[in-house]
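First up is the structure itself, then whatever we jot down about it.
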Protein chains: 2
Amino acid sequence: MEAQIDTILKSNHLSVTGGRRKILELFLSNPGALSHSDIEKKTEEKFDRVTVYRTLQAFLEKGLIHTIPTADNSIRYALCKDNCSAGHHQDNHVHFICSQCGSTLCLDETTIPSIRLPKGFVAARVEMVVNGVCKNCK
Amino acid sequence: MEAQIDTILKSNHLSVTGGRRKILELFLSNPGALSHSDIEKKTEEKFDRVTVYRTLQAFLEKGLIHTIPTADNSIRYALCKDNCSAGHHQDNHVHFICSQCGSTLCLDETTIPSIRLPKGFVAARVEMVVNGVCKNCK
DNA sequence: ATTTTTTTTGCAACGAAGTTGCGTTTATGT
DNA sequence: ACATAAACGCAACTTCGTTGCAAAAAAAAT
Ligand SMILES: [Mn+2]
Ligand SMILES: [Mn+2]
Ligand SMILES: [Zn+2]
Ligand SMILES: [Zn+2]
């Protein structure tokens with residue numbers, strides 16, 4: 001695990017530091033997505049708020065994680081499992097938010113269906129978020 | 001227009017006040033969705049921030065407007081055109097965010113396709129947001 | 001292994017965004 | 001017109017996110 005984490009950081013041209021190790025470890029060991037405040041709690045505020053912001057920003061830019069839009073103004077972040085590179089994300093899978101346990105999950109096997117837009121509109125990226133009750137809470 | 005606005009407010013059991021009139025008018029005369037700050041600007045800050053928050057909250061609860069999820073932590077609100085009632089929204093249409101002009105649009109004619117979720121997951125509501133270039137900006 | 005250079009971190013200060021309590025004002029129903 | 005109920009504006013406060021800068025840590029060079 002330790003080695004894996006360092007390898008991931010290095011292969012993404014990120015210098016390996018305590019904070020980045022810890023936060024990446026959280027993502028790897030957690031099934032769902034994490035919000036900024038989730039991370040602050042799970043690290044027991046061992047790192048400064050600013051460091052967490054900057055780390056997430058760095059991970060995002062390197063294509064290590066992606067954001068999940070929500071209707072309640074709280075960005076969630078999740079690991080990219082596809083071949084995402086810096087700047088070009090390719091996570092075209094559906095996201096699920098459980099109203100029971102609150103967890104946000106990447107449904108990696110469920111791809112977003114293509115749609116026909118009105119004449120004149122050009123799509124660059126499509127997001128699909130499903131709210132409901134998850135497997136575990138049923 | 002004036003009469004229409006009052007009718008809408010009354011039929012939704014909202015007492016008609018200056019702020020609510022003005023904000024509802026904005027939604028009716030605007031093609032796209034509005035954020036909180038959009039409203040503050042377009043009303044020339046004539047109403048207190050708190051009043052705008054409470055008005056949007058009231059409109060939401062009555063099923064007059066709905067929110068549109070975004071990945072950048074900025075809630076947009078748009079009029080419900082379907083038969084939404086208090087608590088039960090039914091806006092199952094696609095939303096479009098233009099990266100050029102920044103406007104957020106309800107594609108009322110474009111319905112969200114149904115999807116097959118993994119076994120055990122139950123959907124209550126599905127959101128679909130498309131990013132790209134809109135009709136006008138092309 | 002040391003030193004130099006570069007990057008990251010923590011702190012402080014700041015600004016924006018959102019919430020709450022409360023007294024005053026405004027709307028509604030009789 | 002009056003009583004009651006709802007909404008408003010203001011102030012205070014919390015939470016969230018950003019920026020500049022000096023200290024610390026990591027990476028690169030020697
Ligand atoms: Mn995902
Ligand atoms: Mn809509
Ligand atoms: Zn659940
Ligand atoms: Zn546009």
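Proteins get letters first, then strands, A, B, ... in listed order; numbering begins at 1 in each.
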Could you tell me whether the phosphate oxygens of [N], OP1 or OP2, come under 4.0 Å of any side-chain nitrogen or oxygen in [X]?
| X | N | result |
| --- | --- | --- |
| A:N73 | C:dG18 | yes |
| A:S15 | C:dT8 | yes |
| A:T17 | C:dT9 | yes |
| A:R49 | C:dG10 | no |
| A:T51 | C:dT9 | no |

Please report the distance, rounded to the nearest Å, between [atom1] in [X] and [atom2] in [N].
| X | N | atom1 | atom2 | answer |
| --- | --- | --- | --- | --- |
| B:D48 | C:dG21 | CG | P | 16 Å |
| B:K41 | C:dA17 | NZ | C1' | 13 Å |
| A:H13 | C:dT8 | NE2 | C1' | 18 Å |
| A:I75 | D:dT15 | CD1 | C1' | 15 Å |
| A:K46 | C:dG10 | NZ | P | 10 Å |
| B:L56 | D:dC8 | CG | C1' | 15 Å |
| B:I23 | D:dC8 | CD1 | P | 8 Å |
| A:R54 | D:dC21 | CZ | P | 13 Å |

Looking only at side chains, do B:D38 and B:S35 share a donor and an acceptor under 3.5 Å apart?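 A pair is found: one side chain offers a donor N or O, the other an acceptor, under 3.5 Å apart.
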For residues B:R76 and B:T104, is any side-chain donor paired with an opposing acceptor at under 3.5 Å?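 Distance-only check passes for B:R76 and B:T104.
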I need the B:L34 CG to B:I23 CD1 distance, nearest 0.5 Å.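 B:L34 atom CG to B:I23 atom CD1 measures 10.0 Å (nearest 0.5 Å).
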Nearest listed nucleotide, side chain of A:R20, among D:dG17, C:dT9, C:dT19: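 Nearest to the side-chain atoms of A:R20, counting from C-beta on, is C:dT9.
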Given DNA chain D, 5'-ward residue of the pair A:S37 and A:V16, judged by closest heavy atom: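 The 5'-side residue here is A:S37.
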Between A:T51 and A:F47 (side chain of the first, backbone of the second, donor and acceptor by atom type, cut-off under 3.5 Å), is there such a pair?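 Checking the backbone N and O of A:F47 against the side chain of A:T51, no donor-acceptor pair under 3.5 Å is found.
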Basic-acidic side-chain contact under 4.0 Å: B:E127, B:R125: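 Looking at B:R125 together with B:E127, the answer is yes, because their closest N to O distance falls below 4.0 Å.
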